[in-house]
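Working notes, structure below.
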There are 2 protein chains.
Amino acid sequence: MPWEKNFDIDETLTRAMQAFWAHGYEATSMQDLVKATGVNRASIYATYGDKRALFLTALRKYDGDVRRRMLAELAETRTPSEAIAAVFDKFISQTSVPQGNWGCFLVNTALELAAHDGEIAELVNAAHDEIEAFFLAMIRKGQQSGDFDPDRDAKPLAHQALASLLGMLVMIRSRPKEEFLTAVRDGFLNSLT
Amino acid sequence: MPWEKNFDIDETLTRAMQAFWAHGYEATSMQDLVKATGVNRASIYATYGDKRALFLTALRKYDGDVRRRMLAELAETRTPSEAIAAVFDKFISQTSVPQGNWGCFLVNTALELAAHDGEIAELVNAAHDEIEAFFLAMIRKGQQSGDFDPDRDAKPLAHQALASLLGMLVMIRSRPKEEFLTAVRDGFLNSLT
DNA sequence: CCCAGTATGGAACGATCATTCCGAACAATT
DNA sequence: AATTGTTCGGAATGATCGTTCCATACTGGG
């Protein structure tokens with residue numbers, strides 16, 4: 001009957017996501033979100049619910065739009081070695097962008113909230129499982145094609161791949177220097193051959 | 001001239017440290033700290049300064065008492081292989097203690113604050129450098145003694161050791177299951193031989 | 001053109017935040 | 001026993017927190 005929202009629901013969610021991504025849940029106030037999105041308080045509440053609901057929606061959007069899309073894309077268009085390197089590089093390339101060096105939203109959230117919030121822990125763990133499954137698939141593919149040493153057990157290598165990625169994402173937030181980050185990436189890739 | 005504080009300054013700092021360690025900076029209120037330490041607000045301010053100063057003091061205490069002590073102890077009393085494994089195990093063994101599974105205070109802080117606080121980033125980075133130096137020393141020692149493959153370049157291995165540890169510490173906060181954590185530890189140790 | 005009905009902007013809510021202030025409690029020195 | 005200097009408990013501060021309410025602005029259907 002009357003009138004649509006005069007802001008873009010998805011674009012606003014993206015901006016809220018970026019605010020949470022950069023500063024975390026506790027350090028991002030509703031006032032910050034109003035400023036970051038340009039949308040009024042009441043409209044945010046009416047559209048997304050309370051702060052925690054908005055955060056969860058933003059986290060799910062990241063999981064779906066950023067993480068899932070990245071893996072799907074890389075699984076198709078690259079060789080195994082390139083695909084694995086590209087996962088690391090997606091985050092390393094953030095480093096050169098002054099306003100976008102926030103690491104991984106899921107990892108930031110894992111440390112801030114997962115220990116005390118079961119629902120968030122589930123989401124984070126499911127994402128980590130899929131990332132590890134991606135690494136496992138790529139490692140096996142590379143072993144079959146002869147790019148990687150086929151005598152190694154792929155499963156523990158996939159575990160290590162995930163741990164190396166998560167470790168690099170910790171470093172990104174405290175010391176976003178390319179040399180440190182690429183060293184982690186190359187260190188793991190070399191261990192595959 | 002008259003009268004000493006009737007609470008133990010260091011023990012109180014320990015309790016504040018544990019509160020920050022478990023819940024992070026933003027999620028720990030001064031009220032929480034009063035409850036956790038049993039010391040009055042005014043006394044906390046008079047003794048340690050404001051919240052940020054208390055946090056920094058607690059973080060420095062962790063760095064000195066927990067991290068530094070652990071590395072010094074392990075460097076003396078173990079073989080290289082055992083020493084490296086023991087660093088991982090120190091954190092893995094937290095998992096079975098219901099009230100102590102907080103991961104590493106420095107890593108938790110790295111993700112919450114280091115990206116927006118240079119002073120904290122410096123402290124975190126210095127600690128990471130010393131951990132990596134420990135791994136490097138242990139790897140070289142093990143290569144000389146024949147425990148590890150001496151043909152590998154020790155430096156990137158030390159990088160990977162640190163990344164693996166940090167990655168495991170991310171997992172500890174979202175999925176503190178021993179099987180996942182030991183897999184990371186063993187995965188790295190196997191890559192040394 | 002008017003009414004129905006939702007979105008908007010901004011004020012207002014109570015709760016909690018970090019921080020400060022103040023009088024009472026206290027031990028050591030005179 | 002009186003004085004001194006510090007600590008302690010708790011109330012009080014102003015700011016900010018998340019959340020809600022309400023009058024106003026506005027558009028689509030009658």
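Letters A, B, ... mirror the listed sequences (proteins, then strands); counts begin at 1.
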Return a table of donor-acceptor pairs under 3.5 angstrom between the side chains of residues 134-144 of chain A and protein atoms on other chains or two or more places apart.
unit_1, atom_1, unit_2, atom_2, d
A/Q143, NE2, A/D149, O, 3.1
A/Q143, NE2, A/R152, O, 3.1

query = Would you call A/R173 and B/E112 a salt bridge, using N to O less than 4.0 angstrom?
reply = no

inquiry  = Tell me whether the rings of B/F105 and B/Y62 are parallel (<30°), tilted (30 to 60°) or perpendicular (>60°).
reply    = perpendicular

request  = Look at the side chain of B/N190 and the backbone N and O of B/D186, then say whether any donor-acceptor pair between them is shorter than 3.5 Å.
outcome  = yes

Between D/dC17 (P) and B/M30 (CE): distance, integer Å = 18 Å

All N/O pairs under 3.5 Å across the protein-nucleotides 9-11 of chain C interface:
unit_1, atom_1, unit_2, atom_2, d
C/dG9, N7, A/N40, OD1, 2.9

ask   = Should B/R60 and B/E119 count as an ion pair when the cut-off is N to O under 4.0 Å?
value = yes

ask   = What integer distance in Å separates A/Q31:CD from D/dT19:C1'?
value = 13 Å

ask   = To the nearest angstrom, how far is B/Y25 atom OH from C/dA18 atom P?
value = 8 Å

inquiry  = Could you tell me how far apart A/I9 (CD1) and C/dA7 (P) are, to the nearest whole angstrom?
reply    = 9 Å

query = Are the charged groups of B/R78 and B/E73 less than 4.0 angstrom apart, N to O?
reply = no

ask   = Atom CG of B/D50 to atom C1' of C/dC17: distance rounded to whole Å?
value = 14 Å

ask   = Expressed in angstrom and rounded to an integer, what is the separation of A/L54 atom CG from D/dT19 atom C1'?
value = 14 Å

ask   = Nearest-Å distance, CD1 (A/I44) to P (D/dC17)?
value = 13 Å

B/Y48 OH to C/dA18 C1', straight-line distance once rounded to whole Å = 18 Å

